[in-house]
Amino acid sequence: MNNNDFSHHLLSWYQDHKRQMPWRGEADPYKIWVSEIMLQQTRVDQATPYFQNFISLFPTVFDLANAEQQEVLKAWEGLGYYSRARNLHSAAKTLVQDYNGKLPESYDEIIKLKGIGPYTAAAVTSIAFNKPNAVVDGNVIRVLTRYFGVEEDVRSTKTKNRVQDFATELIDEDNPADFNQAMMELGSVVCKPTNPECYKCPIQSGCVAAKTAKTDTIPYKSPAKKKPHHTIGVGIIEAEDGKLLIALRPEDAMLGGLWEFPGGKQKEGEEIQETVERELAEELGVEVKAYKELMRLKHTYSHFSITMHAWMCKLVSGKPQPKSSQEIRWVERNELERYPFPKANKVLTERLMGKGQGELGI
DNA sequence: AACCCGGGGGG
DNA sequence: CCCCCAGGGTT
């Protein structure tokens with residue numbers, strides 16, 4: 001199969017099978033850009049409602065640039081990889097200040113923006129401006145390693161560069177927008193990680209993995225490291241007027257710019273109650289009494305997992321200071337939903353607002 | 001090159 | 001339980 005046949009078969013299949021998506025067919029480069037940031041390491045179904053909400057809140061790059069970071073993070077709450085939201089917001093300001101609010105059309109220029117790497121630069125310039133830059137994402141890696149029978153580790157930079165070269169060689173310069181999206185669509189719905197449906201594939205006749213029955217072993221990925229597990233104690237300090245203390249995480253930390261109930265890792269030989277009291281002493285400079293466990297929950301982050309023990313606390317002495325956070329604030333229970341929280345803390349806020357399901361309760 | 005960074009869905 | 005997902009930034 002030559003490059004023309006490849007492209008013809010692929011695009012023909014795409015015309016007949018492409019799924020409907022809110023950003024598909026969209027001409028506004030800003031919306032295409034937002035969709036591509038949201039889709040980084042995120043499934044279409046998960047991103048879709050966030051995209052609709054985000055665009056309704058920030059219809060243009062100017063609206064986004066003028067928004068407060070807290071509003072942007074609130075719109076991103078629950079989607080994960082929050083640096084995406086911070087970088088998107090930052091890049092919007094750059095566009096308004098230095099680019100008259102317009103995304104640059106060239107790969108070399110657009111990749112300078114925060115949060116735009118090789119994938120997103122190729123995606124936006126091809127889809128919004130019809131530039132022949134080939135995208136390489138997880139889908140394309142799977143499709144092309146199988147198609148060309150690449151058996152090396154797909155985690156390595158060398159293999160990714162090989163795949164990028166294949167994609168660049170294959171891209172249809174007359175229709176790069178559809179070519180790129182068709183490659184990803186094919187990887188997503190036909191050339192799936194397990195049980196690929198090769199009988200549906202428009203390029204099966206040229207596929208090495210299909211012909212040699214190697215779709216189970218290609219792409220090859222070296223083993224991932226095991227995720228460590230931590231036990232975390234967090235304290236919910238309730239003042240006499242009923243307000244609760246929340247803290248704003250440092251800008252450059254994990255989950256930066258989101259709010260939380262202060263706490264930290266349990267040490268060896270330490271009761272979890274002591275963990276909570278020690279952590280709050282360290283982070284707020286106060287003495288507290290952890291008097292009642294509110295709930296426990298398990299949560300998995302990208303590189304570790306936790307069991308979180310949440311304790312209700314009373315202030316014994318001292319005035320809380322933001323020693324390890326940007327800011328601390330006393331808030332009513334019904335005000336908690338105004339603030340962006342990471343998932344594990346979000347579960348706590350819902351319990352505290354009486355909206356918890358209770359299945360994780362102790 | 002290695003590591004860090006969320007959360008959800010599917011097998 | 002594991003893997004994967006329209007990756008990017010930092011060191």
Side-chain angles (χ1 to χ4, degrees), chain A residues 18-19 21-24 32-51 73 76-88 90-91 110-124 126-128 133-143 153-161 163-164 167 177 179-189 191-196 216 219-229 249 252-258 260 297-306 340-347:
Chain A
K18 64 179 171 187
R19 293 169 294 176
M21 299 176 194
W23 49 85
R24 211 162 247 178
I32 293 169
W33 170 43
V34 170
S35 76
E36 290 299 343
I37 299 299
M38 228 171 238
L39 286 164
Q40 290 169 4
Q41 296 298 106
T42 305
R43 292 170 196 280
V44 169
D45 290 343
Q46 190 191 1
T48 295
Y50 281 90
F51 175 81
L73 287 172
W76 213 269
E77 185 185 48
L79 200 51
Y81 287 126
Y82 298 95
S83 64
R84 292 183 295 175
R86 298 194 302 269
N87 288 336
L88 182 66
S90 168
I110 202 171
I111 202 171
K112 294 178 184 171
L113 293 169
K114 274 193 182 178
I116 298 189
Y119 165 78
T120 307
V124 174
S126 66
I127 298 171
N133 300 317
V135 300
V136 173
D137 73 333
N139 291 305
V140 175
I141 288 174
R142 191 167 51 255
V143 170
D153 186 0
V154 294
R155 289 188 197 276
S156 81
T157 302
K158 188 199 288 182
T159 308
K160 286 176 187 163
N161 287 339
V163 172
Q164 180 72 63
F179 180 91
N180 279 337
Q181 293 180 83
M183 288 288 285
M184 296 189 281
E185 190 84 353
L186 185 67
S188 182
V189 305
C191 193
K192 299 175 292 183
T194 57
N195 305 318
D216 287 346
Y220 167 70
K221 204 172 217 173
S222 53
K225 272 176 46 179
K226 252 191 69 176
K227 296 179 179 181
H229 182 270
R249 292 182 59 83
D252 56 351
M254 175 179 169
L255 307 172
L258 284 83
E260 68 176 0
L297 63 93
K298 295 181 184 298
H299 187 73
T300 303
Y301 295 102
S302 49
H303 53 300
F304 64 94
S305 61
I306 62 168
F341 286 91
K343 171 69 192 216
N345 274 267
K346 176 82 170 171
V347 174

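Lettering of chains follows the sequences in order, A, B, ..., and the numbering in each one begins at 1.
- Between A/N87 atom CG and B/dC5 atom C1' the separation is 11 Å, expressed in whole Å.
- Nucleotide B/dG7 forms a pair with C/dC5, judged by Watson-Crick or G-U wobble geometry with both contacts under 3.5 Å.
- The gap from the C1' atom of B/dC3 to that of C/dA6 amounts to 23 Å, rounded to the nearest Å.
- Residue contacts for A/S83: at a heavy-atom cut-off of 4.0 Å it reaches no nucleic acid atom on any strand shown.
- Of the two residues near DNA chain C, A/Q40 and A/R142, the one whose nearest nucleotide lies more 5' is A/R142.
- Remark: the separation of the P atoms in B/dG8 and C/dG9 is 24 Å, to the nearest Å.
- Counting heavy atoms from C-beta outward, A/W76 and A/L88 have side chains that approach closer than 4.5 Å.
- Note: A/H303 and A/Y301 fail the aromatic proximity criterion, with ring centroids not under 6.0 Å apart.
- A/M183 comes within 4.0 angstrom of no nucleic acid atom, judged by non-hydrogen atoms across all strands.
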_Checking A/F341 against A/V347 for the side chain to side chain contact (heavy atoms under 4.5 Å, CB included) test, could you report, in this order, the C-alpha distance in whole Å, the side-chain angles of both residues, the deciding distance, and whether it holds?_
CA-CA 9 Å; A/F341 286 91; A/V347 174; over 6 Å; no
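- Between the A/Q181 side chain and the A/A177 main chain, a donor and an acceptor come within less than 3.5 Å of each other.
- Of all nucleotides in DNA chain C having an atom under 4.0 Å from a heavy atom of chain A, the first and last in 5' to 3' order are C/dC4 to C/dG9.
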*Evaluate the criterion side chain to side chain contact (heavy atoms under 4.5 Å, CB included) for residue pair A/W23 and A/T48; output intermediate values, then yes/no.*
CA-CA 9 Å; A/W23 49 85; A/T48 295; 3.8 Å; yes
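- Within 4.0 Å of A/G117, counting heavy atoms only, lie sugar-phosphate atoms of the nucleic acid but no base atom.
- A donor-acceptor pair under 3.5 Å is formed between the side chain of A/R84 and the backbone N or O of A/M38.
- Taking atom CH2 of residue A/W76 and atom C1' of nucleotide B/dG6, one finds them 12 Å apart after rounding to whole Å.
- Classification of A/K18 and A/E185 as a salt-bridged pair fails, no side-chain N sitting under 4.0 Å from a carboxylate O.
- Between the P atom of B/dC4 and the NE2 atom of A/H303 lies a distance of 6 Å, rounded to the nearest Å.
- Between the side chain of A/T42 and the base of B/dG6, a donor-acceptor pair under 3.5 Å is found.
- Contact check for A/F179 versus A/S126: no side-chain heavy atoms found under the 4.5 Å cut-off.
- Distance, A/D153 CG to B/dA2 C1': 13 Å, rounded to whole Å.
- The separation between A/M254 atom CE and B/dG6 atom C1' is 7 Å, rounded to whole Å.
- Of the two residues contacting DNA chain B, namely A/L79 and A/K158, the nearest-nucleotide position lying further toward the 5' end is that of A/K158.
- Distance CG (A/L39) to C1' (B/dG6): 15 Å, rounded to an integer number of Å.
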N/O to N/O distances under 3.5 Å, protein versus nucleotides 8-11 of chain B:
{"from": "B/dG8", "atom 1": "N2", "to": "A/R43", "atom 2": "NE", "distance (Å)": "3.2"}
{"from": "B/dG8", "atom 1": "N2", "to": "A/R43", "atom 2": "NH2", "distance (Å)": "3.2"}

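- Contact annotation for A/S156: no contact, since no heavy-atom pair falls under 4.0 Å across all strands.
- We find that OH of A/Y82 is positioned 8 Å from P of B/dG6, with the value rounded to whole Å.
- For A/K346, the NZ atom counts as densely surrounded, since its 6.0 Å shell holds more than 12 non-hydrogen atoms of other residues, nucleotides or ligands.
- Taking atom CG of A/D252 as the reference point, atom C1' of B/dC4 lies 13 Å away to the nearest angstrom.
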Which pairs of donor and acceptor atoms, one on a side chain in residues 133-141 of chain A, lie under 3.5 Å apart (sequence neighbours left out)?
{"from": "A/N133", "atom 1": "ND2", "to": "A/T125", "atom 2": "OG1", "distance (Å)": "2.9"}
{"from": "A/D137", "atom 1": "OD1", "to": "A/N139", "atom 2": "N", "distance (Å)": "3.1"}
{"from": "A/D137", "atom 1": "OD1", "to": "A/V140", "atom 2": "N", "distance (Å)": "2.8"}
{"from": "A/D137", "atom 1": "OD2", "to": "A/N139", "atom 2": "ND2", "distance (Å)": "3.1"}
{"from": "A/N139", "atom 1": "OD1", "to": "A/R142", "atom 2": "NH2", "distance (Å)": "2.9"}
{"from": "A/N139", "atom 1": "OD1", "to": "A/S188", "atom 2": "N", "distance (Å)": "3.4"}

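- Annotation: B/dG9 and C/dG8 have their C1' atoms spaced 23 Å apart (nearest Å).
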